[in-house]
Engineer: 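Have a look at the structure that comes next, please.
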2 protein chains.
Amino acid sequence: MRRDIFQAIADPTRRAIITLIALQSMTPNAIADNFHTTRQSVSKHLRILTECQLVKQEQQGREIYYSLEIKKMKEIDKWLEQLRKIWETRYNQLDKVLLTMKKQKK
Amino acid sequence: MRRDIFQAIADPTRRAIITLIALQSMTPNAIADNFHTTRQSVSKHLRILTECQLVKQEQQGREIYYSLEIKKMKEIDKWLEQLRKIWETRYNQLDKVLLTMKKQKK
DNA sequence: TATATATGCAACCTTTCGGTTTCGCAAACT
DNA sequence: AGTTTGCGAAACCGAAAGGTTGCATATATA
């Protein structure tokens with residue numbers, strides 16, 4: 001089992017679940033009502049999301065409320081940040097080139 | 001074939017390829033040298049990355065240079081942005097609650 | 001022209017994925 | 001106590017993923 005964030009958000013249903021419970025915590029049944037799939041299928045997705053700590057549970061009687069673990073979502077940001085730095089540097093280099101060309105024109 | 005960005009970045013090798021060619025464009029052989037896998041395997045990954053337009057090719061004689069399509073990477077950002085809004089709102093609501101509590105204390 | 005190199009593509013195989021069905025368990029009704 | 005409801009877990013299945021091997025093609029080199 002790989003079970004990392006990137007594999008977790010690869011599935012469109014799981015991404016939809018994430019945006020759904022980002023607003024408020026929900027039970028598996030309530031979540032399943034929003035999709036054309038069974039509760040068991042949603043339960044499986046929630047298991048995967050829980051395994052990589054993207055989601056946390058809160059038991060209330062026989063119901064279990066699932067909510068988003070925002071901190072974990074930011075790990076995706078971290079990976080993008082590393083790339084952002086690279087492409088910003090690239091743009092800066094392009095700026096330098098343009099600046100040099102401008103100077104030469106003068 | 002699903003072939004969307006999220007599925008593309010789900011694979012760790014593909015993520016490594018992305019960070020690799022983010023710095024400079026590279027040929028499949030050069031990319032493969034960085035991993036414990038065959039050139040054909042890398043070629044397959046590049047095909048997937050090309051299909052979802054995360055990567056662009058530039059033929060130079062018999063060599064093909066692959067480079068990152070930065071614009072497309074930002075689509076991941078877009079999805080995160082939508083979530084960012086939600087959780088920022090949530091924090092603001094928490095701020096309001098705290099503010100109300102403070103006022104009541106007075 | 002013959003050979004080496006760079007590459008993509010198709011066939012094949014094993015593993016994983018996502019869904020459904022069935023089951024068991026615990027909490028809440030009646 | 002008996003029944004309904006909410007849930008997870010296991011077994012099963014077809015499809016897709018990721019890797020390897022072998023082959024075809026085009027460009028460079030001898």
Side-chain angles (χ1 to χ4, degrees), chain A residues 1-21 24-69 72 76 79, chain B residues 1-21 24-69 72 76 79:
Chain A
M1 262 178 272
R2 218 166 348 122
R3 239 36 19 133
D4 62 88
I5 302 190
F6 294 96
Q7 188 255 346
I9 63 163
D11 184 79
T13 306
R14 279 198 291 271
R15 283 202 302 280
I17 290 175
I18 287 172
T19 46
L20 205 60
I21 63 170
Q24 82 260 5
S25 61
M26 292 175 82
T27 64
N29 262 320
I31 295 168
D33 284 342
N34 292 275
F35 304 104
H36 301 291
T37 184
T38 58
R39 176 190 58 77
Q40 282 89 340
S41 169
V42 169
S43 206
K44 259 191 167 186
H45 285 304
L46 287 170
R47 189 169 174 264
I48 290 166
L49 291 169
T50 306
E51 273 172 10
C52 62
Q53 297 167 304
L54 260 171
V55 144
K56 58 173 184 269
Q57 316 175 14
E58 200 183 331
Q59 187 112 20
Q60 242 172 67
R62 66 180 163 183
E63 292 181 326
I64 300 175
Y65 284 86
Y66 286 87
S67 60
L68 193 61
E69 197 70 77
K72 202 72 182 178
I76 303 164
W79 185 69
Chain B
M1 261 176 271
R2 219 173 339 126
R3 226 70 340 154
D4 62 88
I5 303 192
F6 294 97
Q7 188 255 345
I9 63 161
D11 184 80
T13 305
R14 280 198 290 271
R15 284 202 301 281
I17 290 174
I18 287 171
T19 46
L20 207 58
I21 62 170
Q24 81 262 5
S25 62
M26 291 173 84
T27 64
N29 262 320
I31 295 168
D33 284 343
N34 291 275
F35 302 106
H36 301 290
T37 183
T38 58
R39 178 191 56 79
Q40 282 89 339
S41 171
V42 169
S43 205
K44 258 193 171 184
H45 284 305
L46 287 170
R47 189 169 173 265
I48 290 167
L49 291 170
T50 306
E51 273 173 9
C52 63
Q53 296 167 305
L54 260 172
V55 144
K56 58 173 183 273
Q57 314 174 12
E58 198 183 332
Q59 187 113 21
Q60 242 172 64
R62 67 183 162 184
E63 292 183 325
I64 301 175
Y65 284 86
Y66 285 86
S67 60
L68 193 61
E69 196 71 79
K72 201 72 181 179
I76 303 163
W79 184 70

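Each chain gets a letter, A, B and so on, in the order its sequence line appears, and its residues count up from 1.
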Engineer: Think Arg3(B) has a side-chain N or O under 4.0 angstrom from the OP1 or OP2 of dA16(D)?
Structural biologist: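 For Arg3(B), the contact criterion (side-chain N or O under 4.0 Å from OP1 or OP2 of dA16(D)) is not met.
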Engineer: Rounded to the nearest angstrom, tell me the gap between atom CD in Glu63(B) and atom P in dG8(C).
Structural biologist: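 From Glu63(B) CD to dG8(C) P: 11 Å.
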Engineer: Between Ser43(A) and dG8(D), is there a contact of a side-chain N or O with OP1 or OP2 at under 4.0 Å?
Structural biologist: yes
Engineer: How many Å lie between CG on Asn29(A) and C1' on dA26(C), as a whole number?
Structural biologist: 15 Å
Engineer: Mind checking whether Leu54(A) and Glu69(A) have side chains closer than 4.5 Å, heavy atoms only?
Structural biologist: no
Engineer: Figure out the CG/C1' separation between Leu46(A) and dG19(C), and round it to whole Å.
Structural biologist: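 Distance check: Leu46(A) CG to dG19(C) C1' gives 15 Å.
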Engineer: Which residues satisfy the side-chain contact (heavy atoms from CB on, under 4.5 Å) test with Gln53(A), sequence neighbours excluded?
Structural biologist: Lys72(A)
Engineer: What's the CD-P distance between Gln57(A) and dG8(D), to the nearest Å?
Structural biologist: 7 Å
Engineer: Out of dT7(C), dG18(D), dG18(C), which has the shortest distance to the side chain of Ile48(A)?
Structural biologist: dG18(C)
Engineer: Using the side-chain contact (heavy atoms from CB on, under 4.5 Å) criterion, which residues pair with Gln60(A)? Sequence neighbours excluded.
Structural biologist: Glu58(A), Tyr65(A)
Engineer: For the side chain of Gln7(B), starting at C-beta, report the closest nucleotide among dA17(D), dG8(D), dA6(C).
Structural biologist: dA17(D)
Engineer: Expressed in angstrom and rounded to an integer, what is the separation of Phe6(A) atom CZ from dC17(C) atom P?
Structural biologist: 17 Å
Engineer: Using atom OH of Tyr66(B) as one end and atom P of dT7(C) as the other, report the distance to the nearest whole Å.
Structural biologist: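 It works out to 8 Å between those atoms.
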Engineer: Quick one: is dT7(C) close enough that its OP1 or OP2 comes under 4.0 Å of any side-chain N or O from Thr27(B)?
Structural biologist: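 So the side chain of Thr27(B) is within the cut-off, an N or O lying under 4.0 Å from OP1 or OP2 of dT7(C).
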Engineer: Name the atoms and distances for all side-chain donor-acceptor pairs under 3.5 Å in residues 35-46 of chain A, with sequence neighbours left out.
Structural biologist:
from, atom 1, to, atom 2, distance (Å)
Thr37(A), OG1, Ser41(A), OG, 3.1
Thr38(A), OG1, Ser41(A), N, 3.2
His45(A), ND1, Arg14(A), NH1, 3.0

Engineer: Looking at every heavy atom in both Arg15(A) and Ile9(A), which two are closest together, and how far apart are they?
Structural biologist: NH1-O, 2.7 Å
Engineer: Taking only the side-chain heavy atoms of Ile64(A) (C-beta and beyond), determine which of dG8(C), dA17(D), dC7(D) contains the nearest atom.
Structural biologist: dC7(D)
Engineer: Take atom CD of Glu51(A) and atom C1' of dG18(C), then tell me their distance rounded to the nearest Å.
Structural biologist: 14 Å
Engineer: Whole Å only: how far is the CZ atom of Arg47(A) from the C1' atom of dG18(C)?
Structural biologist: 13 Å
Engineer: How would you list, by chain and number, every residue that makes a ring-ring contact (aromatic ring centres under 6.0 Å, His included) with Phe6(B), sequence neighbours excluded?
Structural biologist: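 For Phe6(B), the residues satisfying ring-ring contact (aromatic ring centres under 6.0 Å, His included) (neighbours in sequence not counted) are Trp79(B).
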Engineer: Each nucleotide in nucleotides 19-30 of chain D should get exactly one letter: B, S or -. Can you fill that in based on protein heavy atoms under 4.0 Å?
Structural biologist: BBBB----BS--
Engineer: Tell me, please, which residues at least two apart from Glu63(B) pass salt bridge (Lys or Arg N to Asp or Glu O under 4.0 Å).
Structural biologist: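 Partners of Glu63(B) under the salt bridge (Lys or Arg N to Asp or Glu O under 4.0 Å) test: none.
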